[in-house]
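So that the names make sense, note that chain A is the first sequence line, chain B the second, and so on, each numbered from 1.
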Amino acid sequence: MRVITWNVNSLRSRLPRLLALLDREKPEIVCLQETKVSNGDFPTLPLVEIGYHVVANGSGGSAGVAILSRRPPEVIQLGFPGDPLHEEARVVVATVGRIRTVCVYVVNGRSLNDPTYQTKLEWLDAFTRWLTQSHDRGEALLLAGDFNVAPDDRDVHDPDAWEDSIHVSEPERARIRALLDWGLIDLLRLHSDQPGLHTWWDYRSGAFHQGRGLRIDLILATQTLADSCVDVRIDRNERRPTAGEGKPSDHAPVIADFEGTWDP
DNA sequence: ATGTCACTTTACAAGTGA
């Protein structure tokens, strides 16, 4: 069973690349962020035509999330009770097979002195409170998305240059640790402790070409699911400009493989 | 610090968010 998370930075702009990714990787579950499309304008048809179910949560703003799945999704939830930014559409939840799948797009925050930085911390607190209080660490829970936080210095191309910056500040990292302390496991770190495994590179200044990136797109899972995770990789090639399928997102997809079908 | 991208708007350029 294959799971992919990808911040597409506009689904409509990225649709040709998404269709190529689905054809290439044949994932069972896909978590998308920054779809930037309202539910009414979601390009459902080309995805249904190739065998995917679609659960979208989009308000047309700069966020928007979606879960695509081979199996029909059940117990669908848009946002979460007490979401302080409910109208921004940052969370979508669905059960696929035996896996409770939470797709998340965390507030960016822009910089430590921007008002949205506090919003980010408060939103992460509310999200984590909901997640930990309404789920069981014994269940097969998958939490995937753009966390807009690089969990530790291995996830930052130049930790000195990024010290006390947005995405790496200690209060942000403490919020990620709270999720891990509750019982979630950072699946990529099961397989590699190497630095330089980035998932996002700024469009500007040739950041991708120069390897100046961060790992902010994560797939977390509870122990029962993590036990069956056999591989996690980052599709860096998808971040490259290519002919024919339009421009790349500023994020690369993260791809996790699990043993077994996880059918009910 | 910033050389990009995609979206929006009383829309054909400029502001916003990332």
Side-chain angles (χ1 to χ4, degrees), chain A residues 5-21 31-43 56-66 83-92 103-124 127 144-150 155-169 172 175-176 198-218 235-254:
Chain A
T5 186
W6 190 20
N7 179 321
V8 290
N9 184 18
S10 172
L11 180 56
R12 285 173 293 185
S13 295
R14 221 63 63 206
L15 189 59
R17 279 178 173 263
L18 175 64
L19 293 173
L21 175 73
C31 294
L32 301 174
Q33 304 86 36
E34 275 197 80
T35 56
K36 296 186 178 178
V37 62
S38 62
N39 294 339
D41 291 333
F42 198 94
N57 183 16
S59 60
S62 63
V65 288
D83 183 350
L85 300 174
H86 187 80
E87 69 290 347
E88 294 187 8
R90 295 180 172 278
V91 169
V92 62
C103 173
V104 63
Y105 173 54
V106 174
V107 178
N108 180 298
R110 294 149 132 184
S111 70
L112 299 208
N113 53 22
D114 189 285
T116 62
Y117 177 67
Q118 278 308 316
T119 305
K120 178 180 193 174
L121 299 180
E122 290 163 14
W123 189 86
L124 275 165
F127 173 76
D146 176 358
F147 289 76
N148 268 317
V149 181
D155 304 312
V156 181
H157 75 273
D158 184 345
D160 290 337
W162 277 84
E163 193 173 7
D164 295 325
S165 298
I166 194 71
H167 307 306
V168 310
S169 72
E172 292 171 89
R175 269 63 182 187
I176 300 299
H198 303 146
T199 66
W200 169 84
W201 301 259
D202 198 308
Y203 277 126
R204 296 167 290 188
S205 312
F208 179 68
H209 186 68
Q210 295 169 40
R212 292 188 285 114
L214 303 175
R215 189 175 73 97
I216 56 177
D217 299 272
L218 312 175
D235 185 3
R236 287 184 82 259
N237 206 42
E238 180 50 57
R239 181 60 177 78
R240 269 195 186 91
T242 53
E245 289 167 352
K247 293 175 177 175
S249 170
D250 47 352
H251 296 250
V254 183

Q: Reading DNA chain B from 5' to 3', where do the contacts with chain A start and stop? Cut-off is 4.0 Å to heavy atoms.
A: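 Reading along DNA chain B, I get B:dT2 to B:dA18.
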Q: Which pairs with one or both residues in residues 6-20 of chain A pass salt bridge (charged side-chain N to carboxylate O under 4.0 Å, His left out), sequence neighbours excluded?
A: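 Non-adjacent pairs meeting salt bridge (charged side-chain N to carboxylate O under 4.0 Å, His left out): A:R17-A:E238.
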Q: Counting any heavy atom closer than 4.0 Å, what does A:S13 reach on the DNA or RNA strands: base, sugar-phosphate only, or nothing?
A: sugar-phosphate
Q: Say you pick atom C1' in B:dG17 and the same atom in B:dT2; how far apart are they, in whole Å?
A: 15 Å
Q: With A:A56, which residues qualify under side chain to side chain contact (heavy atoms under 4.5 Å, CB included), at least two apart?
A: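 Side chain to side chain contact (heavy atoms under 4.5 Å, CB included) list for A:A56, sorted by chain: A:N39, A:F42, A:V54, A:A66.
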Q: Base, sugar-phosphate, or nothing for A:Y105, non-hydrogen atoms under 4.0 angstrom?
A: sugar-phosphate
Q: Residues two or more places apart in sequence or in another chain: which of them pass side-chain hydrogen bond (donor to acceptor under 3.5 Å, both in side chains) with A:S13?
A: A:S10
Q: Output all residues satisfying side chain to side chain contact (heavy atoms under 4.5 Å, CB included) with A:S38, sequence neighbours left out; order by chain, then residue number.
A: A:D41
Q: A:R204: which residues meet the side chain to side chain contact (heavy atoms under 4.5 Å, CB included) condition with it, sequence neighbours left out?
A: A:D202
Q: Quantified in whole Å, what is the C1' atom distance between nucleotide B:dC7 and nucleotide B:dA11?
A: 13 Å
Q: Which label fits A:W200 and A:H251: parallel for a plane angle under 30°, tilted from 30 to 60°, or perpendicular past 60°?
A: tilted
Q: On a whole-Å scale, what distance lies between the C1' atoms belonging to B:dT8 and B:dC12?
A: 14 Å
Q: Sticking with atom P, work out how far B:dG15 lies from B:dT10, rounded to a whole angstrom.
A: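 B:dG15 and B:dT10 have their P atoms separated by 15 Å.
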Q: Which sits closer to the 5' end of DNA chain B, A:E88 or A:K247, going by the nucleotide each is nearest to?
A: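 Its nucleotide being nearer the 5' end, the pick is A:K247.
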Q: Identify, between A:D250 and A:G60, the residue whose nearest nucleotide on DNA chain B lies closer to the 5' end.
A: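 Result of the comparison: A:G60.
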